Structure formats: structure tokens, C-alpha cells
Engineer: 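Dumping the structure here so I can ask a few things about it.
Just so you know, ligand 1 is whichever comes first in the structure, and atom 1 is the first atom listed for that ligand. Nothing fancy with the numbering, it's 1 onward along the sequence. The structure displayed is predicted, hence computed values, not measured ones.
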Amino acid sequence: MELSKGAVDFINDDYLHSLIENTKEDPVRIREIFEKSRRKQPLTVEETAALLAIKSKEGLEELYATARELKRSIYGNRIVLFAPLYVGNLCVNNCKYCGFRSSSKGTIRKTLNHQELVNEIYNLEDEGHKRLILVFGEAPKYTPEFIAECVRTCYATKKGNGEIRRVNINAAPLDIEGYKIVKEAGIGTFQVFQETYHKETYAKYHPADTIKGNYMWRLNAMDRAFEAGIDDMGIGALFGLYDWRFEVLGLVSHAIHLQTTHGVGPHTISFPRIQPAQDLNIELPYRVTDEQFKQLVAVLRLAVPYTGLIMTARESKEIRDAVIEFGVSQIDAGTKLEIGGYQKDKGKAQELNKEQFQIGDTRELDDVICWLLEREFLPSFCTSCYRLGRTGEHFMEFAIPGFIKQFCTPNAMLTLAEYLEDYSSPKTKETGYRLIAKTLENMPESDQKQKILTKLEAIKNSKRDLLF
Ligand code: SAM
Ligand code: SF4
């Protein structure tokens, strides 16, 4: 288990604890930080701690307003949609919170074979999905070659107008050679969640005699990815294992470490909260309340303005509804966690002995799209940046104000129009075209606007995959 060159442990537990304990709400200081955020500058760990210390109603209101404003100005009103595809739940690790852990005797183990994987992809394409994240347990079978083969199958499997245009990965961290192999297959983001940045808690939930028991192997995962040439990484923490404020400071420290060491911050941050899982019987004294959850999302938005924030279907539709505007840029929809779950009858209840955990938002993709449209969010299946090479350092360059809007909003409209033509219900179609029309109305006359109109017309005339 060889670490990257110059590997460092950039998490100073004592310092992060002291920040949490000694930082008190200071109205003057937080105003200054909000001002800095409005200039779209990333925050330091100390400034992040100052925002985490906010408790007053007025302070929180201003935090949420600033997060809302920042999201709108950087990302526009689009929300990127994806679906997780669970390929296999074999696992040699024994993470105490997970339904796939090796000691969970009630879990039914399965890995999709080639045909089953193809069938899952067909079903996802039939729903209208274009972006997937492949999810794996950690097992000798799930080699980098196996993962790469699954990625290639996703890109090669097409049905009607359906195709998968971006495949992200959530799998065990690899060594440098392994990352090179999966990169070759054309992956999007490679996600590895640290789960908890707090070392003592990490040891408590990840037994030392398992691969995942090695904290540094995981903390260093993204540095190895960089050394292998992958510049599109996703980090995350599993909220509920330890103090939520410590985890936010850990995530921000991680982002700063990547930015200063490699010149590129993380592409995405995920902040899942622990959900019930098969035979899960552990005490969770650090459960994160809905109010804390809302605050942590808003603080992350301000701390890392150019990093996408992912809120998954672990959260209920009510929470997603309440939190989405504070800075979330990606959500999954129509999610099924069971291995082979997209081939099951729609609306069938979850069976926890076949799944990693219970989800909170069980709506189908079309319902989620309709909800977003009614709230005037533009659902997007765009994969343009990654396909045109706008990732990593380039992505950060392009993420300057206005640029994202210029590419992302048009691409969101085009991919939404494809969805409305090919897959949507009549109600969603009507609501979708209404929002597209309104978005166009608000755009000044320009060459760009004419190009969008021409492409939208072409989509109505059966052309597909038109991107900026
Ligand atoms: N096995 C790989 C690993 O551990 O890195 C792949 C990831 S695992 C299938 C995906 C993520 O699910 C984990 O990183 C963890 O954060 C999350 N997870 C595990 N158990 C969970 C639970 N009970 N509730 C919510 N999320 C959970
Ligand atoms: Fe295995 Fe990942 Fe679950 Fe841990 S979180 S038991 S490594 S699938």
C-alpha cells in the first residue's frame, strides 16, 4: 500500500478541535467573511470555523441568503442529475455503519454479470439518464480492470436515443497503477469519502485488521489519483460518525490541501448522513439534525465556491426541498440501490438485505424533474465540460464568473429539451418548455442566444447531443 510521493497527514485533530472550541459567534467578523464570499473567494479553515459557530437567528438567515446568492451567481439555477448504479456488494471491509460490511450475515451478496449490467443501463437510459456513478464494495474481484470494463460497457450500451455520456466512480481507493487503468476507460469523477476525518472515530468504525482500517491510505487517495493523472476527484464525509463541525473543517482542509499541492481543488464534495442499514445496531451520538445539516451545506457553499456540492437521495424529499437552494449543484434521482434494482417493478419497496442503506427520496426521475422545474431550477444532464476537456485546472479557469453560466445554462436547456422530447410525461414537458422559454426571455439578444434557439429547434427535429 504505497502512498503518493511526499504524502502528508494534513488533518491536525488538535488544531481543528481548538478552532471548534474557541471560535465564538462574532457578528463583525462574519460580515467580513460574507463580503469575502460575495467576491467568490474560498475561505480558510479559520473563517469556516467562524461560520460554523453561528447560532443566532439573524446570523443564520444572512448565511443562508449569502449561500443562495453565491449559488445563483456561480452556478445559475441549474441542477445536474445523475443515478447511482450499484455493480456489486461483495466487501472485505467491516465498516460498522454499512449494510455491505463483511460481518452482516443477512446481506445477500451479488455482482452484476455483463448482461445484467447491460440490462441495468438499458433501464436507466429508458428513464432518460445520461450520467451515472458506478458503486462497488471493496473485494478482490473489483480490480481496476473490472471497474474499467464496467465503464466501457456503460459507454457502449445504447438504446434508441439513450446513451450514457459520463460515468463517475465510487469505489475503494486504488493505487497509482490502478487509477491509470480506470482513467484509460474515460471516467468522470472518482469519488472516495473519508467517512470521518477524526482519527479516533475512524479507528472506532473501521476495524484495524481491514484494508479500510488504514486512515492514511484513504486520506492520501486523491493525491495518488493526481499522480496517476486524474484531476477530477470527489471527496466526502459520512455525517453522523463524529461532530459535524469537525467534518466540515476536515473537508475544507482536504480541499485546501489538494488546491495547494496540485493546483486543483476537488470537483465535488458529498455530505451523506447515515441512514438505517441491514442489521445496523450501533449507537450514533453525533447524529446531525436537519438544522445542522442546512447550516453545513450553506457553510460549505461559501467555503469552497467552485466545488460542486452533491446531495443524495439519502435525504427525504422535504429536506431536499429545504436545502437545495443553499448551494447544491448535483442530485441523484430515480435512485435504486439494490444490485439489479433498476430492473425491478417501479414503486416496489426497498429490501434492506440487498441494499447498502435506506433512502429517503424514492421519487422517480420524472417526478424529481417536474419538482425542480416547478421551483424554477433547470435540470441538467450536461456532460460537456468533461467531454470537451474542461476539467481540473481548466475547469477552475472556466469557473470564473459568467463563464459557467454561458456554457452551463445553454447546455442545461439543450439536455433538458432532449429529455422532454424523448422521455418525459406530458406535464413535465409542458412545465419544462415553459421554463426554457422564460430562461430565453431573460437572456439578452446575442449570437449565443440565436445559436441556442437553432439547436433547440434541431432537437425538436430529432437531432441529439448538441453541446456548447
Ligand atoms: N466501498 C467503497 C468505499 O467504502 O469507499 C465504495 C463506497 S460505499 C459503497 C459508498 C459510500 O456510502 C461510503 O463511502 C459511505 O460514505 C456511504 N455509506 C455507507 N453506509 C452508509 C449508511 N448506512 N448510510 C448512508 N451512507 C452510507
Ligand atoms: Fe464495504 Fe464501502 Fe460498505 Fe465499507 S462502506 S463496508 S468498504 S461497501
Engineer: Nearest protein heavy atom to atom 21 (C) of ligand 1, by residue and atom, and its distance?
Structural biologist: Phe357 CD2, 3.6 Å
Engineer: Provide the number and element of each atom of ligand 1 under 4.0 Å from a heavy atom of Ile274.
Structural biologist: 24 (N), 25 (C)
Engineer: Indicate if the distance from atom 1 (Fe) of ligand 2 to the nearest N, O or S atom of Cys98 falls below 2.8 Å.
Structural biologist: no
Engineer: Counting each atom of ligand 2 from 1 as listed, which ones have a heavy atom of Lys212 under 4.0 Å away?
Structural biologist: 2 (Fe), 4 (Fe), 5 (S), 7 (S)
Engineer: Which of these, Leu132, Thr383, Thr157, sits in a side-chain contact (heavy atoms from CB on, under 4.5 Å) with Ile164?
Structural biologist: Leu132
Engineer: Report the part of Phe193 in contact with ligand 1, treating N, CA, C, O as backbone and CB onward as side chain, heavy atoms under 4.0 Å; options are side chain, backbone, both, neither.
Structural biologist: side chain
Engineer: Are Phe271 and Phe239, when compared by the centres of their aromatic rings, separated by less than 6.0 Å?
Structural biologist: no
Engineer: Taking only heavy atoms of Cys95 into account, list the atoms of ligand 2 that are under 4.0 Å away from them.
Structural biologist: 4 (Fe), 5 (S), 6 (S), 7 (S)
Engineer: Answer with yes or no after comparing the ring centroid distance for His129 and Phe82 against a 6.0 Å cut-off, counting only values under it.
Structural biologist: no
Engineer: Ignoring hydrogens, what is the shortest heavy-atom contact between Asp232 and Arg166? Give both atom names and the distance.
Structural biologist: OD2-NH2, 3.0 Å
Engineer: Any idea which protein heavy atom is nearest atom 19 (C) of ligand 1, and the distance to it?
Structural biologist: Gln356 NE2, 3.2 Å
Engineer: For the pair Glu315 (side chain) and Val323 (backbone), establish whether a donor and an acceptor sit closer than 3.5 Å, ignoring hydrogens and angles.
Structural biologist: no
Engineer: Would you mind running through ligand 2 and noting each atom that sits below 4.0 Å from a heavy atom of Cys91?
Structural biologist: 1 (Fe), 6 (S), 7 (S), 8 (S)
Engineer: In terms of atom number and element, which parts of ligand 1 are under 4.0 angstrom from non-hydrogen atoms of Val135?
Structural biologist: 9 (C)
Engineer: Any salt bridge between Arg224 and Asp175, counting N to O under 4.0 Å?
Structural biologist: no
Engineer: Just go through Gln275, Lys212, Glu138, Arg218 and tell me whose heavy atom is the nearest to atom 5 (O) of ligand 1.
Structural biologist: Arg218
Engineer: Check for me whether Lys294 meets the cation-pi criterion with Phe326, that is, NZ or CZ under 6.0 Å from the six-membered ring centre and within 45 degrees of the ring axis.
Structural biologist: no
Engineer: Does the ring centre of Tyr97 sit less than 6.0 Å away from the ring centre of His206?
Structural biologist: yes
Engineer: Which atoms of ligand 1 sit under 4.0 Å from any heavy atom of Gly137?
Structural biologist: 1 (N)
Engineer: Are the ring centres of Tyr179 and Phe190 closer than 6.0 Å?
Structural biologist: yes
Engineer: Inspect the contact between Arg320 and Asp332 and indicate whether a charged nitrogen and a carboxylate oxygen are less than 4.0 angstrom apart.
Structural biologist: yes
Engineer: State the atoms of ligand 1, each with its element, that fall below the 4.0 Å cut-off from a heavy-atom position in Arg273.
Structural biologist: 25 (C)
Engineer: Counting only heavy atoms closer than 4.0 Å, does ligand 1 sit against the backbone of Leu238, its side chain, both, or neither?
Structural biologist: side chain
Engineer: If the threshold is 4.0 Å, N to carboxylate O, is there a salt bridge linking Arg375 and Glu325?
Structural biologist: yes
Engineer: When you measure from atom 7 (S) of ligand 2 to every protein heavy atom, which one gives the shortest distance, and what is it?
Structural biologist: Asn93 ND2, 3.3 Å
Engineer: Could you check whether any heavy atom of Val192 sits closer than 4.0 Å to an atom of ligand 1, since that is the contact criterion I want to use?
Structural biologist: no
Engineer: Which heavy atom of the protein is the closest neighbour of atom 23 (N) of ligand 1, given with residue, atom name and distance?
Structural biologist: Tyr97 O, 2.8 Å
Engineer: I need the atoms of ligand 1 closer than 4.0 Å to a non-hydrogen atom of Phe136, numbered in the order shown.
Structural biologist: 1 (N), 2 (C), 6 (C), 9 (C)
Engineer: Donor-acceptor check, side chain of Arg109 to backbone of Phe100, threshold 3.5 angstrom: yes or no?
Structural biologist: yes
Engineer: I need the nearest protein heavy-atom contact for atom 7 (C) of ligand 1: residue, atom name and distance, please.
Structural biologist: Asn170 OD1, 2.9 Å
Engineer: Any ion pair linking Glu338 and Lys110 (charged N to carboxylate O, less than 4.0 Å)?
Structural biologist: no
Engineer: Nearest non-hydrogen contact with atom 13 (C) of ligand 1 belongs to which option: Glu195, His206, Lys96?
Structural biologist: Glu195
Engineer: Which residue holds the protein heavy atom closest to atom 17 (C) of ligand 1, what is that atom called, and what is the gap in Å?
Structural biologist: Arg314 NH2, 3.4 Å
Engineer: Checking the N or O distance criterion of under 3.5 Å, is ligand 1 in contact with Tyr86?
Structural biologist: no
Engineer: Using a 4.0 Å cutoff against the non-hydrogen atoms of Gly137, which atoms of ligand 2 qualify?
Structural biologist: 8 (S)
